[in-house]
Amino acid sequence: MNGTTSKHSKSTQRPSSPSGDSRRASPTRIRDRIPFTRSRSPMVKHSYDGNGHSLPLRPSSPSLFPRSRHSQPVQPLRHIFPATVSFSFRLPFSRTPWSASMDVRQAIENMLLVSSLGFIAVKLRTCSETPYSPDMWISIASVIYCLYTRVSFSKATVPLPVPQTPSTRPDSPRSFDTRENRRGSHLISAAPPKIEETGFVWMTVPKNYRDSADDGILTGLLAGPFIACALLYLTIKASKSLPPPQIPLPSNWLIEPPTVLQNAIGPHTALEALLLSRRNLVNQATFCSTILIVHACASWVTEARHRRKTTIPDGELRHVPRKESRRTYLYALFSVSVTLWILCVRISLAELNLGIWQNMNYFEVVVSSLMFQFSLYAAVRLAHRGFTLGELGLVCFGATVLFMESVNLTIARIWPVTTPYIKTYRLPTPLLLYQIALIPGSLLTGFLLSPLLYLSRHISQQPVRRLRFPKERQKHRRLLALGFYLGTVLIVGGLIGLWTRWCLGNRDPWLWAIFWLLEGKRKWTRPLLLVYWTLLVSLSVAGWNRQLARSRRFRHRSVMSVAGDAPTTFDRSRLPTANGNSSPGHQSDPSRPSTPLVDASGPLGLGFPTLPNLPNIGNGTGVSGVATDWLDAADRHVPTLSVNARRKFFHALAVVMFLPGVIVDPAFAHLSFSAAFALFTFAEYVRYFALYPFGASVHVFMNEFLDSKDSGTAILSHFYLLTGCANSVWFEGPSQLLQYTGILVLGVGDALASIAGKRLGRHRWTPTTPKTVEGSVTFTVSVVAVAWLLRVCGFTEDFSLIRYTVVAGLASILEAFSTQNDNLTLPLYMWSMLAVVDV
């Protein structure tokens, strides 16, 4: 033993040198270090266990960055709930014990959604003369489906006692960094759900959906009825008030009265027509949910019948053919079959007087069924890997509602005498007409010009050697882009413009919008809001373009410096000039020593260790150079910003942009949200189909803000953020407080909860989710505090602070336990609950 130790000490002795330590620690001698390999390490440290025995040699970390000597102890994360919950039971007349287990996160999320919908159903039954409990059967069917697919049943076995043997393996000497442990959402290994537990639309496969720990089918099934019941409750409540308002909108909505059909067979007020329309909306929501659960059950049953087939590629299903044409044909055949089946069910329910879907006529049953199923398949194919099943069902329900509103407006315009009332789910004002013209109109434009878009993307993706005319590639791209732009002008100015003019009573839609722009509280109010929004967007986009461009340059140089291929100091003479080359008169001398980094403390004693050593200058000389050095020092910090921090910047920007507009003029904000959605749609066309000349620049800019939920072909996060803030205004609620819900939830609550959870979070809800209790508390407190400040400032009416806090707490729980896109689901849930609890 002693001989071995002395032998090893002799082999590790090296001749001492007075400058050896400084030479090894000098950053300029990085290249002289011995490369780190498994067979030879630049430094070997001895480790000993508690008994004094030597452990196997472990190489030190090859990191070039020094670590702090005084590391803070890592505080362990605690979990409030376990990952799964299980219980044992025994069936009657059976001696075999059984056990059932379910994921706790899914159980809490599902329980919250089902109980919230049940609460709304009870409120409707107590305030309405017509019972609506038959329409809520979809909640029972959803619970049965989730219990059957989410709960695992197995025979309980008694485990044999295993002798405990003391482990001789020493503890790992590695200690995780505090920052990584605090932000370590990536350490959570949430396995994807099994095929048997996941629902799919007919003829779709797992690789068509976004990767998620839960398919979110209960969100897709219950969110539509949830919102529809909340809208109906508000209308019933308004109709029972004395006296009932002619227009159920707040007084600060500056818009002309809604259109009412003057005939003898229909209701005579806009409120009565809105009440009947929203009863139809409840039927429409449960109708679409039924179609979604039929697709999921049919796909699940058919896949179970094909389990005996051979192995299949990853992300595929056994019963789904590989050919796209075959899939499309089978889906179209199945859609027609489902439509005929559900029409027969509607007729049978009418004969049995069960009261389900009785506010929908046969034409609406057929059109809604075909449109909803077309939206499901088109969204899956176009936005590949962009949705979970729950998000897909909710988005397609919204598309179906907008389509049915446009159809009903057209029918009322064609047959005004025989149509009893205008069946729209919002008031039939010009705001609704412009929203239909902008949002479905932008989607219709892309559908009609899809051949040009497809060719543009095809030419951009194909290598030059595979093109038929490689020398004319750029010319063809320009011609296709020009064709798309001209086609857009013709469709918007022709087809969509003529429909809007016809629905406005032969008034020019462009002139109406210009004159309405000057009809605010003051003539300059709405133009000033436009200038304010344009200035904020321009500064944000220009600033981020500059910062991201510089961050890529500094990131590239930092990587090269670590690799040893470039000097570690920043040399301004290497910056490219306007012509793209380095300045010839300022080439750096490689023999000149680099400027050392000294203390950057100012006269106040404030230290900035990340700033470069600024030169001492006289008054008025070199000010621009110093300012540029400070900007470069700030730019070097940009690569350290995480994607989450960049995305939360736009959440904060949404508050600064949208909140003043909703406070000053909500009607103008309503129309502006619709126009912004149309602009986002055309920007996505330009990005995805690589339209000349903006396609590449838009794609590069958007790529800097992507996260795991933007793994599909289409980038949808900015759509979710916009619609999450706009839905509270688009729903046209009677309270000013309801109009701020989306902005407060996403711009304030969600952003601050993310920051607080990552910085201060120590108590996670479950081991399968990165959400913390501290983040949920921050969500609730911040939303309630800002709402209270709005009341103090006089921007909203008085409300019950206790009820508002309870609803905000429920929304924070849904945010913590749901894996769906919270920009889409959270504002809808909180708005619906606030509408029902009479806050």
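If you read the sequence from its start, that first residue is 1, and numbering goes on from there.
Arg477 and Ala690 make their closest contact through NH2-O, 3.0 Å (heavy atoms, listed as atom of the first residue, atom of the second, distance). Residues Thr419 and Ala412 approach most closely at OG1-CA, 4.1 Å, considering heavy atoms. Across all non-hydrogen atoms, the minimal contact from Gly742 to Pro827 is CA-CB, 4.0 Å.
For the residue pair Ser735 and Glu797, a side-chain donor N or O sits within less than 3.5 Å of a side-chain acceptor on the partner.
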Begin from the C-alpha positions of Asn280 and Glu364 and carry the test side chain to side chain donor-acceptor pair (under 3.5 Å) through to its verdict. CA-CA 10 Å; Asn280 177 270; Glu364 291 174 341; 3.1 Å; yes
Going through the checks in order, is the side chain to side chain donor-acceptor pair (under 3.5 Å) test met by His670 and Gln435? CA-CA 9 Å; His670 186 295; Gln435 185 182 52; 4.7 Å; no
Given side chain to side chain donor-acceptor pair (under 3.5 Å), test Thr204 with Tyr209 step by step and report yes or no. CA-CA 9 Å; Thr204 60; Tyr209 299 90; 2.7 Å; yes
Does the pair Phe673 and Leu722 meet the rule for a side-chain contact (heavy atoms from CB on, under 4.5 Å), with working shown? CA-CA 7 Å; Phe673 281 136; Leu722 176 67; 3.7 Å; yes
For side chain to side chain donor-acceptor pair (under 3.5 Å), just list the numbers for Thr410 and Trp499, CA-CA rounded to whole Å, side-chain angles, deciding distance to a tenth of an Å, and then say yes or no. CA-CA 9 Å; Thr410 306; Trp499 181 85; 3.2 Å; yes
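Listed for the Gln820 side chain is no donor-acceptor partner under 3.5 Å among the backbone atoms of Thr388. The backbone N or O of Leu221 lies less than 3.5 Å from a partner atom in the side chain of Ser289, making a donor-acceptor pair. In this structure a side-chain-to-backbone donor-acceptor pair under 3.5 Å is present from Arg457 to Tyr688. For the pair Ser369 (side chain) and Val366 (backbone), a donor-acceptor distance under 3.5 Å is absent. In this structure, the side chain of Arg210 does not engage the main chain of Arg385 through any donor-acceptor pair within 3.5 Å. A donor-acceptor pair is defined here as one N or O able to donate and one able to accept, closer than 3.5 Å; no such pair exists between the side chain of Tyr692 and the backbone of Leu479. In this structure a side-chain-to-backbone donor-acceptor pair under 3.5 Å is missing from Ser456 to Leu453. Remark: side-chain polar atoms of Ser375 are paired, donor with acceptor, to backbone N or O of Met371 under 3.5 angstrom. A donor-acceptor pair under 3.5 Å links the side-chain atoms of Arg278 to the main chain of Tyr425, judged by distance alone. The backbone N or O of His384 lies less than 3.5 Å from no partner atom in the side chain of Asn208, so there is not a single donor-acceptor pair.
When the salt bridge (Lys or Arg N to Asp or Glu O under 4.0 Å) test is applied to Glu256, the partners found at least two apart in sequence or on another chain are Arg507.
Comment: Arg426 engages Glu405 in a salt bridge, judged by a side-chain N to carboxylate O separation of less than 4.0 angstrom. Salt-bridge annotation for Lys521 and Asp665: absent, with no side-chain N of the basic residue lying under 4.0 Å from a carboxylate O of the acidic one.
Between Phe689 and Tyr685, the ring planes are tilted. Angles from 30° to 60° get that label. Under the 30°/60° scheme for interplanar angles, the aromatic rings of Trp357 and Phe287 are found to stand perpendicular.
Within a 6.0 Å sphere centred on CZ of Phe374, other residues, nucleotides and ligands contribute 12 heavy atoms or fewer. More than 12 heavy atoms of other residues, nucleotides or ligands shown are found within 6.0 angstrom of OH on Tyr362.
For Trp202 and Tyr331, the ring centers are positioned 6.0 Å apart or more. The aromatic ring centroids of Phe677 and Phe719 lie less than 6.0 Å from each other. Residues Phe650 and His718 keep their aromatic ring centres 6.0 Å or farther apart.
Tested against Phe668, the residues Tyr434, Trp533, Phe658 include a single ring-ring contact (aromatic ring centres under 6.0 Å, His included) partner, Trp533.
Judged by the 6.0 Å and 45° rule, Arg526 forms a cation-pi pair with Trp516.
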